[in-house]
Amino acid sequence: MMIWLNQIIQGVLLGGYYALIASGLSFMFSVMRIINLAHGSLAVLAAYMLFVLADRFGISPFLGLLIVMPVMAAIGWALQRAVLERSLRGGMLVPILSTFGLSIVIDNLLFQQFGADTRSLAPYIGDLSYNSWEITDDIDIGQLAVLTLAAAVLLLGGLQLFLTRTQLGRAIRATAEDPDTVGGAGSLWGTLAGGIVLGVAQSIGAQIDPQGFLITGHLVFLLVLFARLAPGRFAFRLPRVRSQQA
Amino acid sequence: MSPSASMRVERWTPLSVGTVTVSMAVLVLLAFGPALFSPNVIDKLTTLFIYVLLAVTWNALAGYGGLVSIGQQVFFGLGAYASVRLAHAGLSVYPALILSAILVAVLSLPLATVMLNLRAGEFAIGMWVVAELAHLLVNLDGLIQGETGTSLIALDAYPDAMRHALTYWTALGAMAVLLVLLLVLLRSPTGAAIQAIRDNEEAAASVGVRILTTKRVIFVVAAFGAALAGALWLATTITFQPKTYFSVQWTAYMIFMVLVGGLGTFEGPIIGAVIFFLVEAFFGADGVWYLIGLGATALIFALFLPRGLWGWVEARFGLRLLPVGYRVVAGREPPAVPVVRNPQTRS
């Protein structure tokens, strides 16, 4: 019993990480209706930047964020101008094609630069990479995982405050095509819920069978996608993919 | 002097009749390939035929059906996997290749029913997840031994030269059948419906096009083509590693070929496949930079020339080699400008 409870807790924490990754994707999709297939590649690019800063220049990843975040914002702005705005003019399908091309370019540039070796930021964050709080004999909660979940909640909450309380936020909501974004920030908390559903499904799947982690996650993804087609029956939605007529 | 008296609708032109005749002649000539070319050329041409298969079927789905799938490798991989399974069950290898593609096409029918409810980006990503899921499930099969993979050992029964020739003929036949099938399909009322849906789904529905049925036809044809390509690829490489066959790279290749050649044109993907084949021959050894180049080229075409090289030629010169649409010609004047085909893209 405790094992299952532990899997659920770990799943929720993992879900926080997914929500953090997906929040930008979700925000972009609700405002612009673009699914940026290069989103994951950009996340990995940012991670490598942190790694290089830590590895070459000895800058702590937390300080490194102060450098990497503005750089990534600038890259995002450049991509918006050079790729996304132009793609949008071509209709619904062009952004999928262009961002897919972009992801191939980024992935392979990173591969060219860094090879296939696994890298980790763990050596640069000290105890935090393995410290945990022991709740019971069966349940340990990793401090880094909690920090990640907290970051996701803070980011999504901050985004909501920004959208509802600032002039720019109101302007963005006014141009959004998604009713939920216009009304507030429903899709943002949906992102958190989606991430947690995915994380819990994966860790429960992994408990059932070592191969089950990804399989269960993928199955749940598809199930949610189709459950959404039967409107009204299911309250939750996956953050990244939302119906046109929401 | 009413307008209808001076207008006529034309489909076949002397040029398109000529093109079809030449194409037929080329296909017949290619059928004698194993007697004419060296084994190396035979292998290269087999690869080219498989690329054409992949390009034209992905184009049918995306360019004509308006359904961008990033998960076509699911059918490619399952086609190869089913071949391994059928051969293992004792079926003769070459019939097994064809039968496996048919099986995958049958399997794609229920999948179509579910997936086609999704729209644009949802469909694209949903297909990717389906492909990943199929990959993971195939890995569970003891015969495949996870990522280690297995081989189509039954191919050893054939002497080398004969095996290469048989694979070549099967690939040539598959390509020819698919091309004719698509040409006939796109010229049929279903083809008109498919293009109407691509141009405007709501409008098509309002004039009585049965959206889901029509999309299902094209989805199954595309699945069949990709499965056939996967089975044929297995016959050329012999080894089956799930990671290779279910790789998203196959879809990247399809997108490259179709975008460069011409999305939504019949001739474009064939040209795109030939270009991709040449690019690979010259730059394939460059590994990572080659892939970067492919991605960048696809990106540039998507942004600046979304209808590809052939789309540009068509618009520029009004050329139609293989007519899948109609055009209205005024009086007895020679056709100057094509009128009807893709009203939306002709701005």
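Naming convention: chains lettered A, B, ... in sequence-line order (proteins, then strands); numbering from 1 in each chain. Because the structure is predicted, anything quoted here is derived from the model rather than measured.
Using a 4.5 Å cut-off between heavy atoms, I255(B) touches chain A through its side chain atoms alone. For I106(A), no part sits under 4.5 Å from any heavy atom of chain B, backbone or side chain. Heavy atoms closer than 4.5 Å to chain A are found nowhere in L294(B), neither backbone nor side chain. L109(A) touches chain B through backbone and side chain together, each having a heavy atom under 4.5 Å away. Residue contact with chain A, scored on non-hydrogen atoms closer than 4.5 Å, involves the backbone and the side chain of A296(B) alike. For a residue to count as touching a neighbouring chain, one of its non-hydrogen atoms must lie under 4.5 Å from one of that chain's; by this rule I300(B) does not touch chain A.
Shown here is Y17(A), whose OH atom has no more than 12 heavy atoms of other residues, nucleotides or ligands within 6.0 Å. With a 6.0 Å radius and a threshold of 12 heavy atoms from other residues, nucleotides or ligands, F114(A) has its CZ atom above the threshold.
Most heavy-atom pairs under 4.5 Å with chain A, from the set G295(B), A62(B), G126(B), A252(B): that is G295(B). Counting heavy-atom pairs closer than 4.5 Å to chain A, the top residue among V130(B), L67(B), V68(B) is V68(B).
By the 4.5 Å heavy-atom criterion applied to side chains, N108(A) and Y290(B) are not counted as neighbours. At least one side-chain heavy atom of V83(A) sits under 4.5 Å from a side-chain heavy atom of L303(B). Using a 4.5 Å cut-off on side-chain heavy atoms (C-beta onward), L291(B) and D107(A) make no contact.
The distance from the CD1 atom of I70(B) to the CG atom of L37(A) is 4.0 Å, given to the nearest 0.5 Å. Expressed to the nearest 0.5 Å, how far CG of L259(B) lies from OG of S98(A) amounts to 9.5 Å. Here the straight-line distance linking atom CD1 of I104(A) with atom CG of L299(B) works out to 10.0 Å at 0.5 Å rounding. From I35(A), atom CD1 reaches atom CZ of F123(B) across 12.5 Å, with rounding to the nearest 0.5 Å.
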field: Stepwise side-chain contact (heavy atoms from CB on, under 4.5 Å) test for I125(B) and F221(A)
entry: CA-CA 10 Å; I125(B) 291 183; F221(A) 180 93; 3.8 Å; yes

message: The test is side-chain contact (heavy atoms from CB on, under 4.5 Å); show your working for L140(B) and I215(A) and say whether it passes.
response: CA-CA 11 Å; L140(B) 295 180; I215(A) 293 180; 3.9 Å; yes

field: Derivation and outcome, side-chain contact (heavy atoms from CB on, under 4.5 Å), residues H218(A) and L136(B)
entry: CA-CA 10 Å; H218(A) 289 10; L136(B) 293 166; 3.8 Å; yes

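Nearest heavy-atom pair, V288(B) versus F111(A), reported as atom, atom and distance to 0.1 Å: CG2-CD2, 3.2 Å.
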